[in-house]
Enquirer: 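What follows is a single structure, and I will ask about it in a moment.
Everything numeric in this text was worked out from a predicted model, so none of it was measured. Naming convention: chains lettered A, B, ... in sequence-line order (proteins, then strands); numbering from 1 in each chain.
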Amino acid sequence: MPTITLPDGSTRSFDGATTPYEIAQSISEGLAACAIGARINGELTDVTTPITDDAELKIVTARKGEKKSDPDALMLIRHSCAHVMAEAIQRIHPNAKLVYGPALDTGFYYDILFDDGSPLSSDEFEAIESEMKAIIKEDRPFVKYELPCDEGLQKLTKEGSKFKIDNAERAIQNGSSTLSWYVTGNPNEHWEDLCKGPHVPSTGAIGAFKLQTIASSYWHGDSDSDRLTRVYGIAFVHKKQLKSHLKLLEEAKKRDHRIIGKKLGLFHIDEMVGQGLLLWTPNGAIVRQELQNFIAEQLRRQQYSQVFTPHIGKLDLYRTSGHYPFYQDSQYPPLIDPDQLHALAKDGCSCGDLANMMKDGEIEGYLLKPMNCPHHIRIFANGQHSYRDLPIRLAEFGTVYRWEQSGEISGMTRVRGFTQDDAHIFCTEDQVEGEIIGCLELVNIIFDTLGMHDFTVRIGLRDADSDKYVGDADNWDKAESACRTAAGTLGVPWIEEQGEAAFYGPKIDFIVNDVIGRPWQLGTIQVDYNLPERFNLSYIGKDGNQHRPVMIHRAPFGSMERFIGVLIEHFAGAFPTWLAPEQVRVLAISEKSNDYADTVHQTLLNKDIRASVDKSDERIQAKIRNAAEMKIPWIIVVGPRDAEGNNVSVRMRGILEDLGAVSLDTFADAISAEIKSRGNEPALKTCFPDVKLPEVT
RNA sequence: GCCACCGUAGCUCAGUGGUAGAGCGCACCCUUGGUAAGGGUGAGGUCACGGGUUCAACUCCCGUCGGCGGCUCCA
């Protein structure tokens, strides 16, 4: 007599074993018709999964008209669509070996091995899609059958797919008592796949789908293992959702910083200079400089001391810090001391010998710095420090170089040379918490000013069972609790991850997503017990004895490159006035107004506004369009009418029409105030108090 | 680093085994126009680079470099 509790709290009793489908039917035929799955006691299941005991039940539905579908419904549909796709692919490529095909938040994929020398190409998408459509049209049921593990393994062994055998073995290892298959139709007649499920009741429940891209992956993510072909797709309850999703993706692509960066002339990556080595072009340099000025201002307020250090340092420095040779694979090779190089050449040293010497660290020379900390440490170590001097906060926009894997390099977000908004704080154990809070305050101010509220905070804690960590347990506990307390001051949700700490201390990371939904770690705050030890740092305490300071590494925005890359996408290139490379463009109505346009231009320049003037012989319509395309926040149009009254006619980015005329001085002062206040005193409000900003930019 | 795909004018892209095209941009000319593309003319390309096949390669094959999408990695 199972009693079923529904999400609204109501209960229903049944005489014997039942299923979510039967329960849905008992509620209404309409509900049953759109039921595609269920959650039984929180677990996602088929609609046909038997219920024998009391349970909490949620019926997962997919209705054609709904605007937004239940995430559970999408998971079911996508997972089922992966099956349909696999069946379609195997119809076309009978020898394709299926590996693994899960649903994702963003769609689904299936990993497939084509070992008969006929790799899949996206040219075949159309053919696959039409097979899939046929399967969906047939509306064949997803039928589950189970076998005992040994019997199931026997069956798989007979079929001979090591991938499926592996999947089954993993399932058994994870505690499955049986193995299950899903047949798309009638057992022994139609296509089947080893699968834990759950699935939609029948293929017809897959409302709309599209194959997206073809990529590659490794079996088990192991680069020495089989290379698989991964086909990505997306599926929805109905066509309309698919259409709007595809449109969203298209819009997102337009925000891609690589596209906007080119169009707005923000940066350039040159084949001749090198992969992953970013050239900041004049417009991008302005954005970076403004942002650095802003950060530097905050650092001064927080009593940081700015330092400058060179881009290279002796290998010994990095031997002491441990960066060399531990991280050799991700560093540019050392610059060998010229004298030693000549001597080695004279001795007939081969390239192989040299490579081995480098590997063993037996050479003299310099390293392009992979981190700024060793230099900053040597600044601290130069001289004696009293506890009264602490904390000492050394800040630098320090450029570092790392040999990132060639396949990883992309746009501004993954590069080989980048400038961190770096600082190292040397403090006492008791000061750690306050210093972390200070770092987070800075993060808050800057994210807030930029309107970036969509980020995740992750605290990396140590794994209590591991002995890979340096520093004593008490200090770790203190530092970890300091991270928690500090994170609590941010006012955004944060997650804790055990075992994610660096070996030398706990950390706080900030993660944002780019337009394509890829997560990027921006900044990080890390407590470090290791380097002070390695460099034997000390300060004189109240007791007159030497004590070891604690170090905090913090680069709240990570690198200027990645941060601005993300920022370009955040603003879709439409930077707020204070950051915009070109803040105002003055358009002369005709040649007759060129002189006045020059006057206006000069007035703006005198107020430190980044303005330009367009005196080309285009019509005003074209000039406006050109300026708008460049996402310039303010366009002012000047003609004889304006010249007469010493006015300017104003257009603001984001508002489609002409706002009307305002006096030149009023405008210039208002823009100037907006820039100086970094957007806190909007010029629109000053010049046109009645105009309201549209909600969406 | 690995796999798939791609590389044609400054940009976006079309194209073919017989030495190349469009739109935008650029230059010049006409136009002097009050709020999101006025008109005309012209200049620009060793078709990424290096080999090979061929009577002939931008096109086919191999390699290198670079891009893109993944996988793996990111102190």
Enquirer: Which whole number of Å gives the distance between the P atom of B/C24 and that of B/U54?
Expert: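 Nearest-Å result for B/C24 against B/U54 at atom P: 44 Å.
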Enquirer: P atom, B/C62 versus B/C74: distance in rounded Å?
Expert: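 Taking atom P in both B/C62 and B/C74, they lie 34 Å apart.
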Enquirer: Could you work out which one of B/C71, B/A36, B/G33 sits closest to the side chain of A/S590?
Expert: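 Closest of the options to the side chain of A/S590: B/G33.
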Enquirer: Considering every strand shown, what is the Watson-Crick or G-U wobble mate of B/C58 when both distances are under 3.5 Å?
Expert: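 Partner of B/C58: none.
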Enquirer: Just call it for A/S217: base, sugar-phosphate, or nothing, with non-hydrogen atoms closer than 4.0 Å on any strand.
Expert: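 Sugar-phosphate only.
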Enquirer: Expressed in whole Å, how much space separates the C1' atoms belonging to B/C58 and B/C49?
Expert: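 Each nucleotide's C1' atom is 13 Å from the other's.
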Enquirer: Under 4.0 Å, heavy atoms only, any strand: does A/D617 hit a base, just the sugar-phosphate, or nothing?
Expert: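 If one applies the 4.0 Å heavy-atom cut-off, A/D617 turns out to touch a base.
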Enquirer: At under 4.0 Å between heavy atoms, what does A/E591 touch on the DNA or RNA strands: base, sugar-phosphate, or nothing?
Expert: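 The answer is base, as A/E591 lies within the cut-off (heavy atoms under 4.0 Å) of a base atom.
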Enquirer: What is the separation between atom OH on A/Y469 and atom C1' on B/A75, rounded to the nearest whole Å?
Expert: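 A/Y469 atom OH is separated from B/A75 atom C1' by 14 Å.
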Enquirer: Let's see if you can work this out: which of B/U32, B/G7, B/A75 has an atom nearest to the side-chain heavy atoms of A/E271?
Expert: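 My answer, after comparing the listed nucleotides, is B/G7.
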Enquirer: A/F557 pairs by ring-ring contact (aromatic ring centres under 6.0 Å, His included) with which of A/W520, A/F563, A/F418?
Expert: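 Answer to the ring-ring contact (aromatic ring centres under 6.0 Å, His included) test with A/F557 among A/W520, A/F563, A/F418: A/F563.
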Enquirer: Would you classify A/Y504 as touching base, sugar-phosphate or nothing, given that sugar-phosphate means primed atoms plus P, OP1 and OP2, and contacts are heavy atoms under 4.0 Å?
Expert: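 Sugar-phosphate contact only.
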Enquirer: What does A/N626 touch in the nucleic acid at a heavy-atom separation under 4.0 angstrom: a base, only the sugar-phosphate, or nothing?
Expert: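 The residue A/N626 makes no contact with any strand.
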Enquirer: Syn or anti for B/G42, please, going by whether the chi angle lies within 90° of 0.
Expert: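 Here B/G42 takes the anti form, which means its glycosidic angle is more than 90° from 0.
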Enquirer: Kindly say whether, by distance alone, the side chain of A/D658 makes a donor-acceptor pair under 3.5 Å with the base of B/G34?
Expert: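 Donor-acceptor pair under 3.5 Å: no.
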Enquirer: Within this structure, what is the CE-to-C1' distance between A/M272 and B/C49, rounded to whole angstrom?
Expert: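 In whole Å, B/C49 C1' and A/M272 CE are 12 Å from each other.
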Enquirer: Using both distances under 3.5 Å as the test, list the Watson-Crick or G-U wobble partner of B/G21, or none.
Expert: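 Pair assignment: B/G21 / B/C13.
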Enquirer: What is the separation between atom NE2 on A/H424 and atom P on B/A75, rounded to the nearest whole Å?
Expert: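 After rounding, the gap between these two atoms is 14 Å.
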Enquirer: Expressed as a whole number of Å, how far does the P atom of B/C26 sit from that of B/G10?
Expert: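 Rounded to whole Å, the distance is 14 Å.
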Enquirer: Does A/K592 make a side-chain N or O approach to OP1 or OP2 of B/G33 shorter than 4.0 Å?
Expert: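 Checking A/K592 against B/G33: at least one side-chain N or O falls below 4.0 Å of OP1 or OP2.
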Enquirer: Run the side chain to side chain contact (heavy atoms under 4.5 Å, CB included) test on A/C81 and A/K210 for me, step by step, so that the C-alpha distance in whole Å, both residues' side-chain angles and the decisive distance to 0.1 Å come before the verdict.
Expert: CA-CA 10 Å; A/C81 196; A/K210 188 167 173 53; over 6 Å; no
Enquirer: Applying a 3.5 Å limit to both distances, which nucleotide forms a Watson-Crick or G-U wobble pair with B/G63?
Expert: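 The answer is B/C49, by the H-bond criterion.
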Enquirer: Give A/R227 one of three labels, base, sugar-phosphate or nothing, depending on what nucleic acid heavy atoms sit under 4.0 Å from its own.
Expert: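 Sugar-phosphate: the residue A/R227, judged by heavy atoms under 4.0 Å, touches backbone atoms but no base.
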Enquirer: Using atom CZ of A/F688 as one end and atom C1' of B/U35 as the other, report the distance to the nearest whole Å.
Expert: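 These atoms are roughly 13 Å apart.
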Enquirer: Tell me the partner of B/A4, counting only Watson-Crick (N1-N3 plus N6-O4 or O6-N4) or G-U wobble (N1-O2 and O6-N3) with both under 3.5 Å; none if nothing fits.
Expert: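 Partner of B/A4: none.
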Enquirer: Rounded to whole Å, please give me the gap between CG in A/D422 and P in B/A75.
Expert: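 Value for this atom pair: 14 Å.
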Enquirer: Taking B/C30 as the reference, what is the distance to B/U19 when you measure between their C1' atoms (whole Å, please)?
Expert: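 Their C1' atoms lie roughly 37 Å apart.
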Enquirer: To check you understand the geometry: which heavy-atom pair defines the closest contact between A/H376 and A/F426, and what is its length?
Expert: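 Heavy-atom minimum between the residues: O-CZ, 3.9 Å.
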Enquirer: Report which part of the nucleic acid A/R619 touches: base, sugar-phosphate, or nothing (heavy-atom distance under 4.0 Å, all strands).
Expert: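 Base: the residue A/R619, judged by heavy atoms under 4.0 Å, touches a nucleobase.
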Enquirer: The side chain of A/R414 lies closest to which of these nucleotides: B/A75, B/U32, B/C73?
Expert: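 Of all the options, the side chain of A/R414 is nearest to B/C73.
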Enquirer: Looking only at atom P, what distance separates B/G69 and B/U12, rounded to whole Å?
Expert: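 The answer is 14 Å between these two P atoms.
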Enquirer: Nearest heavy atom decides the nucleotide; on that basis, is A/Y401 or A/G407 closer to the 5' end of RNA chain B?
Expert: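 Closer to the 5' end of RNA chain B: A/G407.
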Enquirer: Would you please say whether a donor-acceptor pair under 3.5 Å links the side chains of A/E533 and A/Y504?
Expert: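 Judged by distance alone, the side chains do not pair up.
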Enquirer: What contact category does A/G221 fall into here, base, sugar-phosphate, or nothing, at under 4.0 angstrom with non-hydrogen atoms?
Expert: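 It contacts sugar-phosphate atoms only.
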Enquirer: Indicate, with a heavy-atom threshold strictly under 4.0 Å, whether A/Q331 touches base, sugar-phosphate, or nothing.
Expert: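 The residue A/Q331 makes base contact.
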Enquirer: Rounding to an integer number of Å, can you tell me how far A/Q521 CD sits from B/C74 C1'?
Expert: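 Atom-to-atom, A/Q521 to B/C74, this comes out as 9 Å.
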Enquirer: For the side chain of A/R562 and the base of B/C74, is some donor closer than 3.5 Å to an acceptor across the two?
Expert: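 There is none.
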Enquirer: Using a 6.0 Å distance limit plus a 45 degree cone around the ring axis, check whether A/R230 lies over the aromatic ring of A/Y109.
Expert: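 Verdict for A/Y109: a cation-pi partner in A/R230.
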Enquirer: Between C1' on B/G34 and CG on A/N647, what's the gap in Å once rounded to a whole number?
Expert: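 A/N647 atom CG is separated from B/G34 atom C1' by 14 Å.
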Enquirer: If every non-hydrogen atom of A/L537 is compared with every non-hydrogen atom of A/R548, which pair is closest and at what distance?
Expert: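 Looking at all heavy atoms of both residues, the shortest contact is O-NH1, 2.8 Å.
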Enquirer: Tell me yes or no: between the side chains of A/H553 and A/Q526, is some donor less than 3.5 Å from an acceptor?
Expert: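 Side chains of A/H553 and A/Q526: no pair found under 3.5 Å.
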Enquirer: Need one value for A/K262: base, sugar-phosphate or nothing, where a base atom within 4.0 Å counts as base even if backbone is also close, heavy atoms only.
Expert: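 Sugar-phosphate only.
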Enquirer: Ignoring hydrogens and angles, state whether a donor on the side chain of A/N372 or A/Q420 is under 3.5 Å from an acceptor on the partner side chain.
Expert: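 Yes, a side-chain donor-acceptor pair sits under 3.5 Å.
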Enquirer: Taking the same atom, C1', in B/A20 and in B/C13, what whole-Å distance lies between them?
Expert: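 It works out to 14 Å between them.
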Enquirer: Does B/G33 have a Watson-Crick or wobble mate here (both distances under 3.5 Å), and if so which one?
Expert: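 Pairing partner, where one exists within any strand: none, as none qualifies.
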Enquirer: What is the distance from CD1 of A/I214 to C1' of B/C6, rounded to the nearest Å?
Expert: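 Taking atom C1' of B/C6 as the reference, CD1 of A/I214 is at 14 Å.
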Enquirer: I want to confirm an ordering. Mapping A/W403 and A/S410 to their closest nucleotides on RNA chain B, which one lands closer to the 5' end?
Expert: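 Final value for this comparison: A/W403.
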Enquirer: A/S649 side chain: which of B/G69, B/G70, B/G34 is closest?
Expert: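 Of the candidates, B/G34 comes closest.
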Enquirer: Which nucleotide, in any strand shown, forms a Watson-Crick or G-U wobble pair with B/C68, with both distances under 3.5 Å?
Expert: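 Paired with B/C68, as far as the under-3.5 Å criterion goes, is no nucleotide at all.
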Enquirer: Side chain of A/Q275 only, heavy atoms from C-beta on: which candidate in B/G38, B/G67, B/G34 is closest?
Expert: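 Nearest to the side chain of A/Q275 among the choices is B/G67.
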Enquirer: Does a nitrogen or oxygen in the side chain of A/T213 sit under 4.0 Å from OP1 or OP2 of B/G69?
Expert: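 Negative; the distance criterion is not met.
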Enquirer: Would A/E124 and A/H93 count as having a side-chain donor-acceptor pair, cut-off 3.5 Å?
Expert: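 A/H93 and A/E124 do have a side-chain donor-acceptor pair below 3.5 Å.
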Enquirer: A/R625 side chain: which of B/C73, B/A36, B/A75 is closest?
Expert: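 The listed nucleotide nearest to A/R625's side chain is B/A36.
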Enquirer: To check you understand the geometry: which heavy-atom pair defines the closest contact between A/H375 and A/Y318, and what is its length?
Expert: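 Of all heavy-atom pairs spanning A/H375 and A/Y318, the closest is CE1-OH, 3.2 Å.
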Enquirer: If you check every side-chain atom of A/A622, which of B/G38, B/U32, B/A75 has the closest atom?
Expert: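 It is B/G38.
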Enquirer: Quick check for you: among B/U12, B/U31, B/G70, whose closest atom lies nearest to any side-chain atom of A/Y232?
Expert: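 Among the listed nucleotides, the one closest to the side chain of A/Y232 is B/G70.
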Enquirer: Base, sugar-phosphate or nothing for A/A628? Non-hydrogen atoms, less than 4.0 Å.
Expert: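 Answer is base: heavy atoms of A/A628 come under 4.0 Å of a base.
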Enquirer: Tell whether A/Y218 reaches the base of B/G1 with its side chain through a donor-acceptor pair below 3.5 angstrom.
Expert: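 A donor-acceptor contact between them is present.
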Enquirer: What integer number of Å spans the P atoms of B/C3 and B/U64?
Expert: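 Nearest-Å result for B/C3 against B/U64 at atom P: 11 Å.
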Enquirer: With a 4.0 Å cutoff (strictly under), does any side-chain N or O of A/R402 reach OP1 or OP2 of B/C74?
Expert: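 No, no such contact exists.
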